[in-house]
Amino acid sequence: MKVILKEDVKGLGKKEQMVEASDGYARNFLFPKGLAVEATAANMNIMKTRKEAEAHKKEKEIAQAKELANKIKNITATIKVKAGENGKLFGSITSKDVAETLKTQHKLDIDKKKLVMPDAIKSVGTFEVEVKLYPEISSKFTVKIESL
């Protein structure tokens, strides 16, 4: 009997996959536990529609990530902090500080976890920071640290 899996089933297949299962296994285990549905024309059409919607959503997310990457490319975020003589900071600049600066100065809401910082920024100067927006889509921008 052909069935469409609703969840991953060890030894049988992955979610949204159509597999062949014995009649007894399907009727007595997969169907009652809600792990699979019979592969009828209607259920196959639902599965196909779901996959198309998922692909469309992924394309949209990739397009948004590329657009944001282009916006970020030319940005320079300036952070003013207290620094001692010879340009050493009292503390360090973290990804949280950079994310907040992007939000206030450029109105870009970027999660601090997506920022790839060079080693802890502990001095005045200009630094490159990478933003990983989507797998295989990233962009770099400049962070300028100035003394007060």
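For clarity, every value in this text was computed on a predicted model and none was experimentally measured.
- No path of Ile, Leu, Val, Met, Phe, Trp and Tyr side chains, each step under 4.5 Å between heavy atoms, connects Leu35 with Met44, placing them in separate hydrophobic clusters.
- Sequence neighbours left out, the pairs with a member in residues 28-44 that pass side-chain hydrogen bond (donor to acceptor under 3.5 Å, both in side chains) are Thr40-Asn43.
- Among residue pairs with one or both ends in residues 11-24, those qualifying as side-chain hydrogen bond (donor to acceptor under 3.5 Å, both in side chains) are Glu16-Arg50; sequence neighbours excluded.
- For the pair Lys114 and Leu133, the tightest heavy-atom approach, listed with the atom from each and the gap, is NZ-O, 3.9 Å.
- Linking Ile, Leu, Val, Met, Phe, Trp and Tyr residues whenever their side-chain heavy atoms come within less than 4.5 Å leaves Met1 and Met47 in two separate clusters.
- In this structure, Tyr25 and Leu12 have side chains that are in contact, with non-hydrogen atoms separated by less than 4.5 Å.
- In this structure, Glu136 places its CD atom where only 12 or fewer heavy-atom neighbours from other residues, nucleotides or ligands lie under 6.0 Å away.
- Looking at every heavy atom in both residues, Pro118 comes nearest to Val129 through CD-CG2, 4.2 Å.
- Scanning both residues, Ala83 and Phe90, for their nearest heavy atoms gives C-CE1, 3.8 Å.
- Once rounded to the nearest 0.5 Å, the distance linking OG of Ser147 with NZ of Lys88 reads 14.5 Å.
- The hydrophobic cluster around Val116 extends to none of the other residues, as no ILVMFWY side-chain heavy atom falls under 4.5 Å of it.
- Taking every heavy atom of both residues into account, Phe31 and Val37 meet most closely at CE2-C, 3.6 Å.
- Note on residues 94-105: pairs passing side-chain hydrogen bond (donor to acceptor under 3.5 Å, both in side chains), not counting sequence neighbours, are Thr94-Asp97.
- Taking Pro135 as the reference, nothing meets the side-chain contact (heavy atoms from CB on, under 4.5 Å) condition, with sequence neighbours excluded.
- Considering CD of Gln64 and CD of Glu67, their distance stands at 7.5 Å, rounded to 0.5 Å.
- Val3 approaches Ala21 most closely through the heavy-atom pair CG2-CB, 4.2 Å.
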Could you go through residues 72-79 and list every donor-acceptor pair under 3.5 Å that involves a side-chain atom there, pairing it with any protein atom two or more places apart or in another chain?
unit_1	atom_1	unit_2	atom_2	d
Lys73	NZ	Asn70	OD1	3.4

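- By the 4.5 Å heavy-atom criterion applied to side chains, Thr142 and Phe127 are not counted as neighbours.
- A continuous path of ILVMFWY side-chain contacts below 4.5 Å connects Ile121 to Leu115, so both sit in one hydrophobic cluster.
- Considering every non-hydrogen atom in both Ala69 and Ile137, the closest pair reads CB-CG2, 4.3 Å.
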>> For a salt bridge (charged side-chain N to carboxylate O under 4.0 Å, His left out) check, start with the C-alpha distance between Glu130 and Lys140, then their side-chain angles and the critical distance, and finish with the verdict.
In response: CA-CA 4 Å; Glu130 185 178 3; Lys140 289 186 178 183; 5.1 Å; no
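- With a 6.0 Å radius and a threshold of 12 heavy atoms from other residues, nucleotides or ligands, Glu54 has its CD atom at or below the threshold.
- Proximity of Ile110 to Phe141: side-chain heavy atoms (C-beta onward) are nowhere separated by under 4.5 Å.
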